[in-house]
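Data first, discussion second: the structure below is written as structure tokens.
In what follows, chains are A, B, ... by sequence order, proteins preceding strands, each numbered from 1. Below, all heavy atoms of this structure are taken into account, side chains as well, without hydrogens, waters or symmetry copies. Source: prediction; values computed, not measured.
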2 protein chains.
Amino acid sequence: MSIDEAWDILLKYDYKRTRNREILLQFFDQADRYVTAMEVRVAVEQDNPGISFDTIYRNLAMFSKLGILDETELNGERLFRMQCATDHHHHHFICTTCGGTKSIPICPMDSVTVNLSDYEIEGHKFEIYGRCPSCIAG
Amino acid sequence: MSIDEAWDILLKYDYKRTRNREILLQFFDQADRYVTAMEVRVAVEQDNPGISFDTIYRNLAMFSKLGILDETELNGERLFRMQCATDHHHHHFICTTCGGTKSIPICPMDSVTVNLSDYEIEGHKFEIYGRCPSCIAG
DNA sequence: TAAAGTAATCGGAATGATTCCGAATTAAAG
DNA sequence: CTTTAATTCGGAATCATTCCGATTACTTTA
């Protein structure tokens, strides 16, 4: 997702165009990988020293709820990244060293043959973890 | 996994047979679903009022590392359950209301056709979330 | 079955991430 | 330019989890 697309969503829901949100979106746009809240904080403080935790966390949660960010959890750490372009549903390999991802075009839900007809399905998660080529090399 | 199998593992690694571990294992054995650390605490305090958080968390982490417990995360909460019998690798539907599970016999890794040969795969996660029939009923 | 040695536990303090809150600031609309 | 409401700030509060030193309880060995 581009910064512009993110703003389309934010403005549609009457969120204001603020400097902090601009900084956050720009950071996620260029990061292009999963980052921890701590990494976000450190990076964002370059552009706005004195930004409060509250502002960071409040916006991260809101972005995540609106589908602008994608949120996951790895080894007890919350990770965020810009949502992929939403052309089709897919999953990811996630590098446990750098947070980089690689798309996995299949969705296991297509192959689930177990009868879950009496169940109400709310969601699913499929992720592959490991180290990417450049982290192995480096 | 049965309580006896859990003890086989613990004793093999020279962990001692203590009352608290016995209580913890019995609780997980009869719970047979994903429970939060808080639920563990409340339940275990019935049998040993005054058990310390430290003891609970230390043993949960150790059980999890040894493969006696299975650990996951849902909506920011850590969940634990007794590891399934290890006859074959599989995944789960998890009820977000009661923590109950249903086995999903397939593993999406079998169908992953993306070339990850330059990647070092450390693990994967596949879970389906929703509500089970008895929680839907009420 | 007593003693010794070491692991495990306890209780409470410390930590660390996240959230809350009231006051001040800022964006957007009129 | 004013107004209004959203947003942010700063710091305190919360919550789960972990740490720590002192005590207790296993297990082994004699």
field: Backbone N/O of A:Thr55 and side chain of A:Asn59: donor-acceptor pair under 3.5 Å
entry: yes

message: Ignoring hydrogens and geometry beyond distance, is a side-chain donor-acceptor pair present between B:Ser64 and B:Glu71 at under 3.5 Å?
response: yes

query: Under 4.0 Å between a side-chain N or O of A:Arg78 and OP1 or OP2 of C:dA17?
result: no

Sorted by number, the residues of residues 1-16 of chain A with heavy-atom contact under 4.0 Å to DNA chain D: A:Tyr15, A:Lys16

message: Output the rounded distance in Å from CG (B:Asn75) to C1' (C:dT18).
response: 16 Å

- prompt: Can you list, by residue number, the residues of residues 38-67 of chain B that have a non-hydrogen atom closer than 4.0 angstrom to DNA chain D?
  reply: B:Met38, B:Phe53, B:Asp54, B:Tyr57

message: For B:Gly130, is there any backbone N or O sitting under 3.5 Å from a side-chain donor or acceptor partner on A:Glu120?
response: no

- prompt: Do B:Thr101 side-chain atoms and B:His92 backbone N/O form a donor-acceptor pair below 3.5 Å?
  reply: no

query: Which nucleotide of DNA chain D is the first, and which the last, in the 5' to 3' direction, to come under 4.0 Å of a heavy atom belonging to chain B?
result: D:dA16 to D:dT27

message: Please report the interatomic distance OG(B:Ser52) to CZ(B:Arg58), rounded to the nearest 0.5 Å.
response: 6.5 Å

field: Cluster overlap A:Tyr34 with A:Ile104, hydrophobic side-chain contacts below 4.5 Å
entry: no

Spatial distance of atom CZ (B:Arg19) from atom CD1 (B:Ile23) [nearest 0.5 Å]: 4.0 Å

query: Backbone N or O of A:Arg81 within a donor-acceptor pair of the A:Arg33 side chain at under 3.5 Å?
result: no

field: Side chain B:Glu39, main chain B:Thr36, donor-acceptor under 3.5 Å
entry: yes

message: Pairs counted only when both distances fall under 3.5 Å, Watson-Crick or G-U: show me the 5' to 3' dot-bracket for DNA chain C, [ ] for pseudoknotted crossings and | for other-strand partners.
response: ||||||||||||||||||||||||||||||

- prompt: Do A:Asn115 and A:Ser117 get their side chains close enough for a donor-acceptor pair, meaning under 3.5 Å?
  reply: yes

Please output the side-chain donor-acceptor pairs of residues 42-50 of chain A that fall under 3.5 Å, not counting sequence neighbours, one pair per line with the distance.
unit_1: A:Glu45; atom_1: OE2; unit_2: A:Arg41; atom_2: NE; d: 3.4
unit_1: A:Gln46; atom_1: NE2; unit_2: A:Val42; atom_2: O; d: 3.3
unit_1: A:Asn48; atom_1: ND2; unit_2: A:Asn20; atom_2: OD1; d: 2.7

task: Would you check if there is a donor-acceptor pair between the side chains of A:His91 and B:His124 at a distance under 3.5 Å?
output: no

message: Rounded to whole Å, how long is the line connecting atom CG of B:Asn20 with atom C1' of C:dA7?
response: 13 Å

- prompt: If you group Ile, Leu, Val, Met, Phe, Trp and Tyr whenever their side-chain heavy atoms sit less than 4.5 Å apart, what else falls in with B:Ile136?
  reply: none

- prompt: Of B:Arg19 and B:Ala37, whose closest DNA chain D nucleotide lies nearer the 5' terminus?
  reply: B:Ala37

